[in-house]
**Q** 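Structure provided below as structure tokens; questions to follow.
Here, residue 1 is the first one in the sequence, and each next residue gets the next number. Since the model is a prediction, treat every value here as computed from it, not as a measurement.
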Amino acid sequence: MGVWDLMGLHQAIRKWEKLAETVELSDSDRDFYLRKVEEAKRAYERETNAWEIRAKRYGEDENGQRSE
């Protein structure tokens, strides 16, 4: 997953959170959006952890630069 994918995932999380806050939403729809939020948050965390592991393996700093 690339940087743009992570940004899209982050935007989807915000969108689903906002939709879940809608007052006139049914409980089943609210539960659906909240499940989507949790799934997306787990995916986001999993992907950012993978980036951290890769950066450590290749000796990159926080900007993705390697010092050789």
Side-chain angles (χ1 to χ4, degrees):
M1 203 177 250
V3 173
W4 292 108
D5 298 320
L6 287 174
M7 185 179 74
L9 189 56
H10 180 70
Q11 290 173 343
I13 291 169
R14 290 193 341 221
K15 175 184 75 173
W16 289 324
E17 285 174 335
K18 189 173 185 176
L19 286 170
E21 293 172 358
T22 305
V23 175
E24 61 272 354
L25 199 62
S26 70
D27 288 340
S28 63
D29 288 341
R30 187 178 326 281
D31 290 340
F32 172 79
Y33 289 130
L34 291 175
R35 279 195 313 270
K36 290 299 237 178
V37 166
E38 291 307 314
E39 290 172 9
K41 283 182 176 181
R42 284 193 304 269
Y44 188 85
E45 184 177 338
R46 184 176 58 245
E47 291 300 323
T48 54
N49 286 339
W51 276 70
E52 293 292 326
I53 291 168
R54 183 189 59 82
K56 289 178 185 175
R57 181 175 11 161
Y58 292 111
E60 296 173 349
D61 64 11
E62 65 273 358
N63 297 317
Q65 302 294 316
R66 290 180 21 181
S67 57
E68 295 182 31

**Q** Set out, in order, the CA-CA distance, both residues' side-chain angles and the distance that settles side chain to side chain contact (heavy atoms under 4.5 Å, CB included) for Y33 and L25, then state yes or no.
**A** CA-CA 10 Å; Y33 289 130; L25 199 62; 3.7 Å; yes
**Q** Side chain to side chain contact (heavy atoms under 4.5 Å, CB included) for R42 and E39? Distances and angles first, verdict last.
**A** CA-CA 5 Å; R42 284 193 304 269; E39 290 172 9; 3.6 Å; yes
**Q** Could you grab the distance from atom NE2 of H10 to atom NZ of K41, nearest 0.5 Å is fine?
**A**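 That separation rounds to 10.0 Å.
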**Q** Is any side-chain heavy atom of K15 closer than 4.5 Å to one of K36?
**A**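 They are not in side-chain contact.
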**Q** Quickly, which of D5, I13, N49 forms a side chain to side chain contact (heavy atoms under 4.5 Å, CB included) with Y44? Name it, please.
**A**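 The single option meeting the side chain to side chain contact (heavy atoms under 4.5 Å, CB included) with Y44 is I13.
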**Q** Please give me the minimum heavy-atom distance between V23 and R30, naming the atom from each residue.
**A**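 In terms of heavy atoms, the two residues are closest at O-NH2, 3.7 Å.
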